[in-house]
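Note that ligands are numbered from 1 as they come in the structure, with each ligand's atoms numbered from 1 the same way. Just so it is clear, the values below take in all heavy atoms, side chains as well, and ignore hydrogens, waters and symmetry mates. On a predicted model such as this, the values are computed, not experimentally measured, just so you know.
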Amino acid sequence: MTSSSHWFRSAVVYQIYIRSFFDASDDGVGDLAGVIQKLDYLRGGPDSLNIDAIWLSPFYPSPMADYGYDVSNYRDVDPQFGTLSTFRELLAQAHDRGLKVLVDFVPNHSSDEHPWFKVSRQSRHNPKRDWYIWRDPKADGSPPTNWLSVFGGSAWELDPQTGQYYLHSFLSKQPDLNWANPEVRAAMKEVMRFWLDLGVDGLRVDAVDWLSKDLDPLADDPLDPAYDPATQKPYYSLRHLHSKKGSQEFTYLREMAEVIESYPERFMITEMHTHQWDDAKTYRNFYTKVDPAVSAPFNFEGIFSPWTAKSFKDFINDFQKLLKGDDVPVYCLGNHDKSRLASRIGRRAARTAAVLLLTLPGMPVIYNGDELGMVDGEMRREEKEDRTPERTPFPWNDHPQAGFTSGTPWLPVTPEYPRLNAATQLAEPSSLLTLYRRLLDLRHHSEALQHGRHQSFTVHPDVVSYFRESPSQKLAVFLNFSDHEITTQVPFAKGEELLSTHSRTLSEVTHTLTLRPHEGLVVALPS
Ligand code: NOJ
């Protein structure tokens, strides 16, 4: 098998936020049986999207302080979501359809209700004490350092029982595991093997930047002079030089990659963030230091960049340039932590964005609901960290509660559901869902889109344009980021329009091209 035929080199991944996908048990919360019931929508059914892989948000037993990113048992399924046998059934049915399954792996922290932490907090000297990060208060009783939790406040919580602080880079209910302790690393690699042995095809690895920190000696993070309290949350008042991205990050990631390597055809995608001041270096480090044949970092620039041709052209070109050989780029435009794509850029641009995402090389990741143009739920964001607006239930049809549940949904369904739902959009030739399906179909039939090289060219400041070229096929992609019509010369004599975001007759392109406002267009060139 050539390396280009590994499934993960061009797989389109679909992120399922299980709580909000489909509720088969009528308790108002989505579950694994619900995912099984909706597999036809994803792959193998008559009207499927035809995606290649799903990434399932955490479904492990959890007090749900962070909706499953606080795990109290790494080897089971939370009763709210099903049982291990439901998971096995899901895996089997997905595999029968040729659908790969990635699960979320949360190595940096457990729940404070995990038995390991319960033992750890009991006394200063117990076999699990060093599985978490415990330190004495300063002389005045204050926390050991000024480190901040991503979710607000100090990253240290005083535990009265033993008079020491424990570190939590996220919520106080998510104590950080001590990855410097080899026993912890061994235990977490066992967890990886547990799921890989069950047959999962890959892992999405959470919050890897916090695995390594400077613990010995502890030092305060310096203030960030660029911090702007009006636009940034307090977490960014510090430069996190000591509390994350420590010297061992890549060592630990390599250890994880070794586990992945020991199974055939498995892959891991890490949730790694870049610093504004060294983006390219951070990515290059990853691909150089961790085996790129089994792992890749998410590229989140598509979520953070403003929707302008310049910023997208810049980050895509910079990023593509630093990739080598078999490095897999992993692009995404949305996820369960960030405001919805259509809310950020608007519904018209969301069509252009679909063409972008599905014509880029590597592994594009679609956040469930973005293919319908879902926008943020209108509930009030209770606080800065409230991420419920982007997590509202998936609207399946125009039945009560959008067909998501026959109970009371855990979050309100979108009031738009009578029109904005999967069933209606499936039947509608000009819907966003239909555009996604056409793009997936095009991609699956195109060697150039799946494995061809990416070569950018410039036609207009408001247009992102690139070739995708394989030995047998050459395509040109044009994306009009503006809301005006653009007529431009093209760098080829002749081409055939293959797909447009707009309902119009496709024609031949000779020397010039007119792009409608927000139009995304794929053109086939003679090979
Ligand atoms: C990143 C996850 O995407 C987010 O939802 C979670 O809260 C944090 N990591 C902490 O696990």
Chemist: Students should find this: residues with any non-hydrogen atom under 4.0 Å from ligand 1. What is the answer?
Modeler: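 These residues qualify: D66, Y69, H109, F151, F170, R204, D206, E271, H336, D337, R387, R391.
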
Chemist: Do R185's NZ or CZ and the ring of W179 fall within the cation-pi criteria of under 6.0 Å and 45°?
Modeler: no

Chemist: Can a salt bridge be assigned to the pair K173 and D70 using a cut-off of 4.0 Å between side-chain N and carboxylate O?
Modeler: no

Chemist: Between D112 and Y166, do the side chains contain an N or O donor and an N or O acceptor separated by less than 3.5 Å?
Modeler: no

Chemist: For the side chain to side chain donor-acceptor pair (under 3.5 Å) test, which of T162, N181, N178 pairs with R129?
Modeler: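 Among T162, N181, N178, the one meeting side chain to side chain donor-acceptor pair (under 3.5 Å) with R129 is T162.
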
Chemist: Using the ring of W307 (Phe, Tyr or Trp, six-membered ring only), decide whether R344 places NZ or CZ under 6.0 Å from its centre and within 45 degrees of its axis.
Modeler: no

Chemist: Can you find a side-chain donor-acceptor pair between S120 and W134 that sits under 3.5 Å?
Modeler: yes

